[in-house]
Amino acid sequence: MQRNSKNKLFQSSMTKEALKQSFIKLSPAKMFRNPVMFTVWMGTFVMAVVCIWIATGEQSQGSFTYNLVVTTVLFFTLLFANFAEAIAEARGKAQADSLRKTREETPAKWIQTIGEMYMDEIKIVPSSQLKKGDIFLCETGDIIPSDGEIIEGLATIDESAITGESAPVIREAGGDKSSVTGGTKVLSDKIKVVVTTEAGESFLDKMIALVEGASRQKTPNEIALTILLAGFTLVFIIVTTTLKPFGDYAQTPITISAFISLFVCLIPTTIGGLLSAIGIAGMDRALRANVITKSGKAVETAGDIDVLLLDKTGTITIGNRKATNFYPANTVDENHFIKSVVLSSMADDTPEGKSIIELAGIKPSAYPVHSPRYIKFTAETRSSGIDFENTRIRKGASDAIRKLIEKAGNSFPVDTADKVNMISSNGGTPLVVCENENVLGVIELQDIIKPGIRERFERLRKMGIKTVMVTGDNPLTAKFIADKAGVDDFIAEAKPEDKMNYIRKEQNEGRLVAMIGDGTNDAPALAQADVGVAMNSGTQAAKEAGNMVDLDNDPTKLIEVVEIGKQLLMTRGTLTTFSIANDVAKYFAIVPALFIASIPALQGLNIMKLHSPETAILSAVIFNAIIIPLLIPLALKGVAYKPIGASALLRRNLLIYGLGGVIVPFIGIKIIDILVTQFI
């Protein structure tokens, strides 16, 4: 899914398919979904009947040639509107085809299980036979057969088939970078993976369904606009029909072709023909930014986001914090401290835990223990460790360890508290180690703020979006990182429910909230947020909970998503403004021309000086048809977004598309009238 291969708006293969679909979409059942264009379809049908009527000898409806031309132009209006939607769909289907190649049947090395035990025997089965909960093995050169979570091992993965990026990534058991996607390739090492999806429900399957539009539904904004356009259509039906008694009173016969032409030109056919294409193109632009959106509503909502929550580790900072220093307490032997540090990290599969053992330079096997019981890290205890014989070793956040030892009646050493404050003030993360509720010392973890992150947050600020950093670090560390990164606010020592409570608080105050996360503990907050963006490298739970997935694992990608959302809303708004403004010019083209002969005073309204009623009607209908394909590139690419404020954007769009929507038809209809006059 390489981005650079899909930049052309109109590729020959897509255009051919779109032209074919333009005729298929003429089916009444398909046209009925778009009220505006369905009325044009009925008008075209009536004109076809009128042409047959004239061919049988009817004289009152004008010449057969004139009516046939009007019918043909109306028919092409339908085709152009269908083509706009079809070309947008074709671009999505082209991407679906490239994804489908990635999802080809793949042999899987299935590890058979009996109870909770893995058998040594490996059976080769097709990937389609894998079920949720199955375990498979992947080695160097293997294609990963299904979505899953690594439960054992570490490997370098080529995800270019999914992300379009050639740089390999590392996935490993434990932590939040354990998720793998079917269709990607193992470049080195060996991993065991548990399947997390049923056949046909994989990440790729869902991507294909989304980009093909199979699961695309109209957004609330799109539904509301459709209702508005249907209302306009109803109003103009009434306006057009009232011209009949007015014409009879003025003794001016009005032909059926004139009635239908006036009606088609007055209803908002331009936006009616482009509305669906705009929505599809919005999701397509998100996909080209390597963001999978589960609905068009998510893209629209992103354009109105007020608050953004994002994790510190792996988002604002590089992630994978590493141990950089050991600080034993004043009365503790350094060797004993290091031994305790290693033992407390024996069952810690996180990158931080592995870096602690690496810094110690001693393998855990150097310290054999009898019947160990490992204590896993949890968000509640914020500590982990090991119990063996009569020894209890814990490693965790300073406040968690302080509560533990003070509960046992022991005191927290002053020198250790000073070290904790020093590390936190320098942006590091202190981990305190204790044995039998007595402090042994402090481990310093350090992370690096991502380059350019401050500038990106400044862009979000200009868009009116408040950034909030969420971290489990203590307030000192959190403040240091927040100030350095340039975020507006932070939540320190955050537990999963803290994220949920903050999101609910903002939503209750009427704000739209976006959340970026990659871990299982982020899933509830991602589900609660109005826009939940999950990292593709994150856990399956996070990807299921969010309504967007960032394939590039770039947490600041939300800037692009917000711009795409704003661009979608602006494009829809500006083309609606342009379409309605068009009606003014077309009204002044047709109505004065109809009554000039019987009411000479209307000559003053014929400001375009059109040649005759027939050329005026033809010119307006032709302009009404050709403006749709001329605006297709704008509908697909979107109106350029600049962070200049809502009021400034409104003034600019009214000036360009409102005033332009009035002026352009006057010029276009006059030029067409001059050309049409040459053939009449």
Side-chain angles (χ1 to χ4, degrees), residues 111 113-120 135 137 149-154 172-175 178 189-192 194 321-413 416 419-420 429-445:
I111 302 175
T113 61
I114 298 178
E116 295 183 358
M117 301 296 294
Y118 303 138
M119 295 178 62
D120 291 335
I135 309 291
L137 177 73
E149 299 274 353
I150 300 174
I151 58 173
E152 183 181 313
L154 172 150
E172 58 184 323
S178 59
D189 301 293
K190 180 170 65 175
I191 51 175
K192 283 182 181 177
V194 59
R321 294 173 298 181
K322 291 191 175 183
T324 55
N325 281 296
F326 293 146
Y327 300 102
N330 287 342
T331 58
V332 177
D333 177 69
E334 183 176 0
N335 292 329
H336 180 68
F337 175 60
I338 292 175
K339 175 184 176 181
S340 300
V341 164
V342 172
L343 289 174
S344 68
S345 303
M346 285 178 67
D348 190 346
D349 290 329
T350 64
E352 291 90 345
K354 292 174 182 177
S355 74
I356 289 171
I357 293 176
E358 183 181 336
L359 179 64
I362 300 173
K363 293 183 178 180
S365 57
Y367 302 120
V369 293
H370 180 66
S371 301
R373 185 171 72 91
Y374 299 110
I375 312 299
K376 292 285 187 181
F377 176 87
T378 68
E380 292 296 327
T381 64
R382 299 176 64 230
S383 64
S384 61
I386 184 174
D387 290 349
F388 62 96
E389 300 169 1
N390 294 320
T391 304
R392 298 177 303 280
I393 301 175
R394 295 292 182 271
K395 173 191 69 184
S398 60
D399 61 322
I401 300 299
R402 179 190 286 270
K403 289 178 183 177
L404 185 67
I405 66 169
E406 288 180 350
K407 186 178 180 181
N410 298 327
S411 61
F412 197 85
T416 301
K419 282 293 181 188
V420 166
T429 301
L431 295 180
V432 179
V433 181
C434 71
E435 180 182 61
N436 295 337
E437 291 74 50
N438 289 295
V439 172
L440 297 179
V442 187
I443 303 168
E444 180 180 5
L445 301 177

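Reckoned from all heavy atoms, side chains included, excluding hydrogens, waters and symmetry mates.
- Under a 3.5 Å cut-off, the side chain of Ser345 and the backbone N or O of Val342 do not form any donor-acceptor pair.
- Across all their heavy atoms, Ile362 and Ile338 have their closest contact at CD1-CG2, 4.1 Å.
- The main-chain N or O of Leu445 is never found under 3.5 Å from a side-chain atom of Thr324 such that the two would form a donor-acceptor pair.
- Between Phe337 and Ile443, the closest heavy-atom pair is CZ-CG1, 4.4 Å.
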Exercise for review: Could you go through the side chain to side chain donor-acceptor pair (under 3.5 Å) check for Lys395 and Ser383 one step at a time?
Suggested key: CA-CA 5 Å; Lys395 173 191 69 184; Ser383 64; over 6 Å; no

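- The two atoms that bring Ala397 and Leu431 nearest to each other are N-CD2, 4.3 Å, heavy atoms only.
- Ile386 approaches Ile375 most closely through the heavy-atom pair N-CG1, 4.3 Å.
- In plain terms, the two heavy atoms of Ser178 and Ala173 that are nearest each other are CB-CA, 4.5 Å.
- Salt-bridge formation is detected for the pair Glu437/Arg392: a Lys NZ or Arg NE/NH1/NH2 atom is positioned less than 4.0 Å from an Asp or Glu carboxylate oxygen.
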Exercise for review: Please lay out, stage by stage, how Glu152 and Ile191 fare under the test side chain to side chain contact (heavy atoms under 4.5 Å, CB included).
Suggested key: CA-CA 6 Å; Glu152 183 181 313; Ile191 51 175; over 6 Å; no

Practice item. Take Val433 and Val442 through the test side chain to side chain contact (heavy atoms under 4.5 Å, CB included) and record every step on the way to the result. Key: CA-CA 6 Å; Val433 181; Val442 187; over 6 Å; no

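- Just one residue in the list Lys354, Lys190, Lys192 forms a salt bridge (charged side-chain N to carboxylate O under 4.0 Å, His left out) with Glu172, and that residue is Lys354.
- Pairs passing the side-chain hydrogen bond (donor to acceptor under 3.5 Å, both in side chains) check and including a residue from residues 362-377, sequence neighbours excluded, read Arg373-Asp387.
- To the nearest 0.5 Å, the span separating CG on Asn438 from CD1 on Ile401 amounts to 12.0 Å.
- Taking Lys419 as the reference, nothing meets the side-chain hydrogen bond (donor to acceptor under 3.5 Å, both in side chains) condition, with sequence neighbours excluded.
- Here salt bridge (charged side-chain N to carboxylate O under 4.0 Å, His left out) pairs that include residues 323-336, with residues two or more places apart or in two chains, number zero.
- We find the CD1-OG distance between Ile393 and Ser344 to be 6.5 Å, quoted to the nearest 0.5 Å.
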Exercise for review: Would you sort out whether Ile356 and Lys322 count as a side chain to side chain contact (heavy atoms under 4.5 Å, CB included), showing the intermediate values?
Suggested key: CA-CA 7 Å; Ile356 289 171; Lys322 291 191 175 183; over 6 Å; no

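- Minimum heavy-atom separation, Ser355 to Ala323: OG-N, 3.0 Å.
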Practice item. Before giving the answer on side chain to side chain contact (heavy atoms under 4.5 Å, CB included), spell out for Arg402 and Ser398 the whole-Å C-alpha distance, their side-chain angles and the decisive distance to 0.1 Å. Key: CA-CA 6 Å; Arg402 179 190 286 270; Ser398 60; over 6 Å; no

